[in-house]
There are 2 protein chains.
Amino acid sequence: MSIATLQADTLAQRLADSGLRATPQRGVVYDVLLRKRDHPTADEVFARVKAERPTISLATVYNCLETLVSCDLVRTVHFERGPTRYCPNLRPHAHFHDERTGKTHDIDLPPALLEKVKSILPEDYDAKSVEIIFRGKARN
Amino acid sequence: MSIATLQADTLAQRLADSGLRATPQRGVVYDVLLRKRDHPTADEVFARVKAERPTISLATVYNCLETLVSCDLVRTVHFERGPTRYCPNLRPHAHFHDERTGKTHDIDLPPALLEKVKSILPEDYDAKSVEIIFRGKARN
DNA sequence: CAACCAATTGGAATGATTCTAAGGTGCAAG
DNA sequence: CTTGCACCTTAGAATCATTCCAATTGGTTG
């Protein structure tokens with residue numbers, strides 16, 4: 001059973017909540033993101049999806065990714081000068097970008113710290129999201 | 001006296017430290033960044049610089065910005081799907097991106113908090129830099 | 001002065017993303 | 001049902017930001 005099947009109701013649910021349809025393309029794109037959580041680019045997602053659905057177009061992959069983001073099932077990450085990367089991890093987390101390997105790791109963000117970080121904002125600033133990106137090297 | 005003049009020695013110093021020349025183009029680009037700290041894009045910097053140095057090319061602006069970044073006099077900020085933006089604020093700070101106005105504000109980052117944030121990293125992760133981006137609306 | 005390396009320039013090339021127009025799909029009302 | 005319509009997908013063109021390239025200019029050093 002594919003991972004997406006386990007999550008299919010979640011996906012269908014979220015899409016329905018936004019008045020959108022649960023199309024096969026959206027299902028496969030989401031499944032691909034869940035299966036290999038290495039923060040792929042749209043092109044990489046396209047390549048993976050194509051393996052099991054050869055007729056899909058790049059434009060559709062962009063559309064599906066955008067849809068998933070708008071449903072809060074996926075978030076985007078941006079490293080300098082690079083293409084957008086996609087992350088299906090819904091828990092609050094930071095990203096560590098390893099300069100040596102080019103890989104990105106999710107770092108769990110304790111709720112208390114998240115609050116503390118938000119507290120540096122002046123009264124009249126209302127943050128809807130916080131993104132924390134580390135850059136450096138991971139030893140080993 | 002231009003702002004750059006005040007900082008000219010800083011700039012020349014930093015460039016020299018990296019074995020680079022203090023060219024007029026670099027001076028003007030840096031001056032423009034210091035004068036209006038609104039996180040401009042390369043195109044915006046180009047437009048501003050052109051006003052006082054009409055013969056400069058866009059490629060040179062990109063080159064100068066890259067040089068300033070490599071000297072640690074300027075840092076880059078990235079918001080989703082947008083062009084790179086440049087920031088001459090050297091103090092540790094986060095960025096708040098106002099969705100309503102599209103403007104970006106610097107938020108001072110207390111050193112203690114910065115440490116606390118870094119402390120969520122596992123032992124073997126060595127972060128060279130941390131970037132914190134808030135997104136939301138500023139009331140008023 | 002000569003030689004050399006650094007820096008600038010304009011234009012071409014690249015890469016990522018968005019746009020557009022045309023065709024397909026599925027639900028809903030009659 | 002079956003027709004209409006809004007949603008989706010698709011291919012390819014267009015756009016935007018950035019980088020590359022090759023030629024020229026400029027400054028420094030021997």
Side-chain angles (χ1 to χ4, degrees), chain A residues 11-12 14-32 39-50 52-71 73-87 102 104, chain B residues 11-12 14-32 39-50 52-71 73-87 102 104:
Chain A
L11 173 58
R14 289 290 184 102
L15 288 168
D17 289 353
S18 304
L20 302 169
R21 290 184 196 154
T23 68
Q25 288 88 341
R26 286 169 180 169
V28 179
V29 167
Y30 189 42
D31 191 35
V32 154
H39 308 85
T41 64
D43 266 329
E44 287 163 351
V45 172
F46 180 48
R48 292 172 198 179
V49 168
K50 232 180 174 180
E52 59 191 277
R53 192 160 240 284
T55 61
I56 201 169
S57 77
L58 177 57
T60 299
V61 169
Y62 272 104
N63 290 339
C64 291
L65 288 170
E66 162 60 23
T67 299
L68 294 173
V69 168
S70 75
C71 291
L73 283 171
V74 169
R75 46 188 270 212
T76 58
V77 206
H78 295 263
F79 302 113
E80 22 217 274
R81 260 146 249 224
T84 302
R85 292 175 172 279
Y86 297 87
C87 173
T104 299
Chain B
L11 173 58
R14 289 290 185 105
L15 287 168
D17 289 351
S18 306
L20 301 169
R21 290 183 195 154
T23 68
Q25 288 88 341
R26 286 170 180 167
V28 178
V29 167
Y30 189 42
D31 193 34
V32 155
H39 308 84
T41 64
D43 267 327
E44 286 163 352
V45 172
F46 180 48
R48 292 173 198 177
V49 167
K50 233 180 173 177
E52 59 192 276
R53 191 160 240 283
T55 62
I56 202 169
S57 77
L58 177 57
T60 299
V61 170
Y62 271 104
N63 291 339
C64 292
L65 289 170
E66 163 59 23
T67 299
L68 295 173
V69 168
S70 75
C71 292
L73 284 171
V74 169
R75 46 188 269 212
T76 58
V77 206
H78 295 264
F79 303 113
E80 19 217 277
R81 261 145 249 224
T84 302
R85 292 174 173 279
Y86 297 86
C87 174
T104 300

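Every chain is numbered from 1, with letters handed out A, B, ... down the list of sequences.
Rounded to whole angstrom, the span from the CZ atom of B:F46 across to the C1' atom of C:dG10 amounts to 10 Å. Whole-Å rounding puts the A:D43 CG to C:dT17 C1' distance at 10 Å. What separates CG of A:L20 from P of D:dC7 is a distance of 9 Å, to the nearest Å. If you take NZ of B:K50 and P of C:dT8, they are 16 Å apart, rounded to a whole angstrom. To the nearest angstrom, P of D:dA17 lies 16 Å from CD of B:E80. For the pair B:L65 CG and D:dT19 C1', the interatomic distance rounds to 14 Å; values are reported in whole Å. Counting to the nearest Å, the P atom of D:dC7 and the CG atom of A:L15 are 14 Å from each other. One interatomic measurement links the two molecules: CD of A:E66 to C1' of D:dC8, which rounds to 14 Å at whole-angstrom precision.
The salt bridge (charged side-chain N to carboxylate O under 4.0 Å, His left out) pairs that include a residue from residues 57-70 of chain B are A:R81-B:E66, where partners are two or more places apart or lie in different chains.
DNA chain C is contacted by both B:Q25 and A:H78; B:Q25 maps to the nucleotide lying nearer its 5′ end (nearest heavy atom per residue). Comparing B:R26 and B:S57 against DNA chain C, the residue whose closest nucleotide sits nearer the 5' end is B:R26.
The closest side-chain heavy-atom distance from A:L20 to A:T67 is below 4.5 Å. The shortest distance between side-chain heavy atoms of B:T104 and B:V77 does not fall below 4.5 Å.
Counting non-hydrogen atoms under 4.0 angstrom, B:I56 reaches the backbone sugars and phosphates but no base. When heavy atoms are screened at a 4.0 angstrom cut-off, A:N63 is found touching base atoms of the nucleic acid. Using a 4.0 Å heavy-atom criterion, one finds that B:T84 contacts the sugar-phosphate atoms exclusively.
Formation of a donor-acceptor pair under 3.5 Å by the A:R14 side chain with backbone atoms of A:C71 is found in this model. Side-chain atoms of B:R53 do not come within 3.5 Å of backbone N or O of B:Q25 as any donor-acceptor pair.
At least one side-chain nitrogen or oxygen of B:T60 sits closer than 4.0 Å to the OP1 or OP2 atom of C:dT9.
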Give every pair of a protein N or O atom and an N or O atom of nucleotides 20-28 of chain C that lie under 3.5 Å apart, one pair per line with the distance.
none

Please write out each protein N/O paired with an N/O of nucleotides 2-5 of chain D under 3.5 Å, distance rounded to 0.1 Å.
none

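Put simply, NE2 on B:H39 and SG on B:C87 are 4.0 Å apart, with the number rounded to the nearest 0.5 Å. The distance from the CG atom of A:L15 to the CG atom of A:L11 is 4.5 Å, given to the nearest 0.5 Å. Distance check, rounded to the nearest 0.5 Å: CZ of B:R21 to CZ of B:R26 gives 8.5 Å. For the atom pair A:N63 CG and A:L68 CG, the distance stands at 11.0 Å (nearest 0.5 Å).
Taking the side chain to side chain contact (heavy atoms under 4.5 Å, CB included) definition, one finds that B:H78 meets it with A:E80, B:T76, B:T84, sequence neighbours left out. For B:L58, the side chain to side chain contact (heavy atoms under 4.5 Å, CB included) partners are B:D43, B:F46, B:Y62, not counting sequence neighbours.
Minimum heavy-atom separation, A:P54 to A:E52: CD-C, 3.8 Å.
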(message) Pairs counted only when both distances fall under 3.5 Å, Watson-Crick or G-U: show me the 5' to 3' dot-bracket for DNA chain D, [ ] for pseudoknotted crossings and | for other-strand partners.
(response) ||||||||||||||||||||||||||||||
